Amino acid sequence: MTDEHWQHAFSMNLFAATRLDRALLPAMLQQRSGVIIHVSSIQRTMPLFDSTLAYAAAKSALTNYSKGLSNEVSGKGIRVISVAPGYTETDAAVGMVNEIATRTGITADAARQRIIDSLGGIPLGRPNRPEEVAELVAFLASDRASSITGSEFVIDGGSIPTI
């Protein structure tokens, strides 16, 4: 991978979050309340070396940054949480399944299973649905989760150890 690949991965998956945080934190600190939720990935501990190493490194950095930021601002009323979804069947994931199926001459179901197998399996036997991830994020942002900060939530992480 070129320097440009690495820079793009970090720009999109780490620096975008830090820039947004810098823009929003002053108002949150002034009102002494707010919630920052960073969406990481299970790949932060399980990179797919042949295709997503830079992405995985950036998500790992985002998770570490989230914990450090939480330590810095939680005492000032700002909660910081990281969510690390496993394989989630978004439109992009469906496109990837279809691309693998076309390229390798297998069915979409077989291509999906190939992805699941590459992750060490998924206990539920199926990818996450985007709305399941969204509902977790909505809960974490709500007052019902007002005592949760500095935590990482792994959503169906397959055989990956959770933190």
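Small disclaimer: the values here were computed from a predicted structure and weren't measured.
Considering CG of Leu69 and CG of Leu62, their distance stands at 10.0 Å, rounded to 0.5 Å. Between the CZ atom in Arg103 and the CE atom in Met96 there is a gap of 10.0 Å [rounded to 0.5 Å]. To the nearest 0.5 Å, atoms CD (Gln7) and CZ (Phe15) are separated by 6.0 Å. Atom CE of residue Met28 and atom CZ of residue Arg79 lie 10.5 Å apart, to the nearest 0.5 angstrom. The OG atom of Ser82 lies 10.0 Å from the CG atom of Leu140; values are rounded to the nearest 0.5 Å.
Linking ILVMFWY side-chain heavy atoms closer than 4.5 Å, directly or via other members, places Leu14 and Leu24 in a single hydrophobic cluster. Met12 and Leu20 fall into different hydrophobic clusters, where Ile, Leu, Val, Met, Phe, Trp and Tyr residues are linked whenever their side-chain heavy atoms come under 4.5 Å apart, directly or through other members. By the rule that hydrophobic residues join a cluster once side-chain heavy atoms approach within less than 4.5 Å of another member, Phe10 and Met1 end up as members of one cluster.
By the 4.5 Å heavy-atom criterion applied to side chains, Arg44 and Glu152 are counted as neighbours. Here the side chains of Ser11 and Arg19 are in contact, with some heavy-atom distance below 4.5 Å. Side chains of Ile81 and Ile36 form no contact here, defined as non-hydrogen atoms less than 4.5 Å apart. The closest side-chain heavy-atom distance from Ile42 to Tyr87 is not below 4.5 Å. Residues Ile106 and Arg114 are in side-chain contact: their nearest non-hydrogen atoms beyond the backbone lie under 4.5 Å apart. Counting heavy atoms from C-beta outward, Ile78 and Val35 have side chains that stay 4.5 Å or more apart. Within the 4.5 Å cutoff, side-chain heavy atoms of Arg112 are placed close to those of Ile116. Put simply, the side chain of Ser41 reaches to within 4.5 Å of the side chain of Tyr55, judged on heavy atoms.
Nearest approach of Ala58 to Asn13, heavy atoms of both residues: CB-CB, 3.7 Å. Shortest non-hydrogen contact noted between Ala101 and Ala111 is N-CB, 3.9 Å. The heavy-atom pair separating Thr63 from Ser40 by the smallest distance is OG1-OG, 2.7 Å. What you find for Ala110 and Thr107 is that their closest heavy atoms are N-OG1, 3.0 Å.
Within the 3.5 Å criterion, the main-chain N or O of Val39 finds a donor-acceptor partner in the side chain of Lys59. With His8 contributing its side chain and His5 its backbone, the two residues share no donor-acceptor pair below 3.5 Å. When atom types are taken as modelled, the side chain of Ser142 and the backbone of Phe139 share a donor-acceptor pair closer than 3.5 angstrom. Judged by distance alone, with hydrogens and angles left aside, the side-chain atoms of Lys76 form no donor-acceptor pair with the main-chain N or O of Leu29 at under 3.5 Å. Checked by atom type and distance alone, the side chain of Ser60 never pairs as donor or acceptor with a backbone atom of Ala56 at under 3.5 Å. Judged by distance alone, the side chain of Glu132 and the main-chain N or O of Arg129 form a donor-acceptor pair under 3.5 Å.
In the displayed structure, Glu131 atom CD is contacted under 6.0 Å by more than 12 heavy atoms of other residues, nucleotides or ligands.
The closest side-chain donor-acceptor pair between Asp109 and Gln113, if any, does not fall under 3.5 angstrom. Side-chain contact annotation: Ser74 with Thr149, donor-acceptor N/O pair under 3.5 Å present. Checking His38 against Ser66 by side-chain atom types alone, a donor-acceptor pair falls below 3.5 Å.
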